[in-house]
Amino acid sequence: MSTRRRVIGIVAVTVIAVLLAAITAVYWWQRPMLRTGTGYAAHNACAVAEVAGRDGDPASDLPDNPLVPYLRTDGAGDPTSASILGVLAAQRAWYTEGFGCTLAAERPDLGTATAIDGAGNPFADAPTPAADAAIETALDEAFGVDLPDVERTALGTRGVVIVKDGELIGERYADGFDATTPQLGWSMSKSVTSLLTGMLVEQGVVSLDDDHLRPEWTDERASITVEDLLRMQSGLEWDETYDLGTPITQMLYGEPDMGAYVASLPLESEPGTVQEYSSGSTTLLCSVLAERTGLGADLPRQSVLGALGLSTAVFEADAVGTPVCSSYLWASPRDWAAIGQFALQDGVWNGQRLLPAGWMDETLEVDDYTATDDPGYGLGWRTNEMLDGELRWPELPADTFSANGHDGQKLIVIPSEGLVVARLGFTPAADETPATIGMIADVISALG
């Protein structure tokens, strides 16, 4: 009997050990994806509280996913930690004034942020526009006023600003938001990076033709240019899918030095031949520009943000001070509209030329690639008219161009109408485009 007990005991211990080993192996296999969830949650909770200054549950900005019921967030400020069940895959976000929230094991030293004076921004303190029945009806469409509650919640519009010929003619905000609440633009940040780069070109700091951008690039990657990175034609291996072990999730949630990570990736196509949408390309570019100017995390504040007087704007940085130019620009809808107005004016602001003459025309030139996963994407902005003459949005004029971001962020510029529209919201489970484009078409019709 004692021998049998010993055998049973050995078997039981072995089974438990195997199970623990299997669980541990599964955890380490899934850990990158788990850290994506905890990194997203920690960064979001920190930024909602510290950058946007919003009260309430930051989880209201988390898209539905299987991890949400198991996420535990400690604090909603500086620092903020998130983990699975309070134990696994922990991530921590730290807040730095002017530079937002950064995922890092320890508090990053990002320096002191340059103050931004909003006096040069005509929209910063502009009075709320007088109500116009036709404009208000168009805004109703953008906010889904006539939709059932569930659909209106899914639409999730949080702020709309409409500018005509440089004048604010319409705006509206959801409960909990106002004209000064910064909202995350996600990939609209890439379009602002194009403007930032244009300013450095005008100053002679950088050229679109510059290559040999990283000292470790001693192979074919040395031929990658600034323009290649802006046009998403670098040829660097990339996958924008938010999934286990993909470059985009690894960059945003697993790398303290995002630029170095992207630079380490191999080529998968010859630079300039294939266009592949890549948040890595834009953030890599900003790491190059931040190093070249010596400004680090302060680069956006000492260039485009400061020059336009975007006093609500915060461009968040990674742990080594690289602005996360692909994704992490926060600004009020009025400040986003100012960005669109700057683009509409081809880089002239308060009578001063800040972009090379014709920069926006060059920005909107679309190359004919061997292959592309984003037709109509130019130098950081998207065109309405495709190479074959078809329109992305037939309801809008052919000269329309736009900056677009995750969860329904849109900044739409229509030169022929002198129109700029900023739409911000949280729309992870619905398509906000029909409501946004319908609103703009109604505005154009109302204005005659």
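Along the sequence shown, residues carry numbers from 1. Hydrogens, waters and symmetry mates are skipped; everything else that's a heavy atom, side chains included, is used. Predicted model only: the values in this text are computed from it and were never measured.
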Are the side chain of Trp349 and the backbone of Gly120 linked by a donor-acceptor contact shorter than 3.5 Å? yes
The side-chain contact (heavy atoms from CB on, under 4.5 Å) partner of Ile414 among Val421, Asn384, Leu419 is Leu419
Carboxylate-amine/guanidinium contact Arg158 Asp61, below 4.0 Å: yes
Answer whether the closest heavy-atom distance between the side chains of Arg423 and Thr427 falls below 4.5 Å. yes
Is the shortest side-chain N to carboxylate O distance from Glu136 to Arg172 below 4.0 Å? yes
Testing the basics here: between Leu236 and Glu276, what is the closest heavy-atom pair and its distance to 0.1 Å? O-OE1, 3.9 Å
Evaluate Thr372 against Tyr277 for side chain to side chain donor-acceptor pair (under 3.5 Å), listing each step before the verdict. CA-CA 8 Å; Thr372 179; Tyr277 187 82; over 6 Å; no
For the side-chain contact (heavy atoms from CB on, under 4.5 Å) test, which of Asn404, Val420, Thr400 pairs with Ile412? Thr400
Beyond-backbone contact of Glu171 with Ile162, side-chain heavy atoms, under 4.5 angstrom: no
Taking side chain as C-beta onward, heavy atoms only, is Arg382 less than 4.5 Å from Asp374? yes
Less than 4.5 Å apart, any side-chain heavy atom of Pro415 and any of Phe401? yes
So, the side chain of Arg392 versus the backbone of Thr383: is there a donor-acceptor pair under 3.5 Å, distance only? yes
Could you tell me which non-hydrogen atom of Asp211 sits nearest to which non-hydrogen atom of Ala222, and how far apart they are? CB-O, 3.3 Å
Within-4.5 Å side-chain heavy-atom neighbours: Leu289 and Leu285: yes
Is any side-chain heavy atom of Trp186 closer than 4.5 Å to one of Tyr328? yes
Go through Ser81 and Arg92 one step at a time and tell me if the side chain to side chain donor-acceptor pair (under 3.5 Å) criterion holds. CA-CA 4 Å; Ser81 298; Arg92 179 171 289 183; 3.1 Å; yes
Single hit among Ser327, Ser278, Ser326 for side-chain hydrogen bond (donor to acceptor under 3.5 Å, both in side chains) with Thr283: Ser326
Tell me whether the centres of the aromatic rings in Tyr253 and His43 are closer together than 6.0 Å. no
Kindly state each residue pair satisfying disulfide (SG to SG under 2.5 Å) with at least one member in residues 167-200, sequence neighbours excluded. none
In the structure I gave you, are the side-chain heavy atoms of Leu85 and Arg72 within less than 4.5 Å of one another anywhere? yes
Stepwise side-chain contact (heavy atoms from CB on, under 4.5 Å) test for Thr225 and Leu208: CA-CA 7 Å; Thr225 66; Leu208 289 178; over 6 Å; no
Is the closest side-chain heavy-atom distance between Tyr242 and Thr246 below 4.5 Å? no
Determine whether a donor-acceptor pair (N or O, by modelled atom type, separation under 3.5 Å) exists between the side chain of Thr38 and the backbone of Leu34. yes
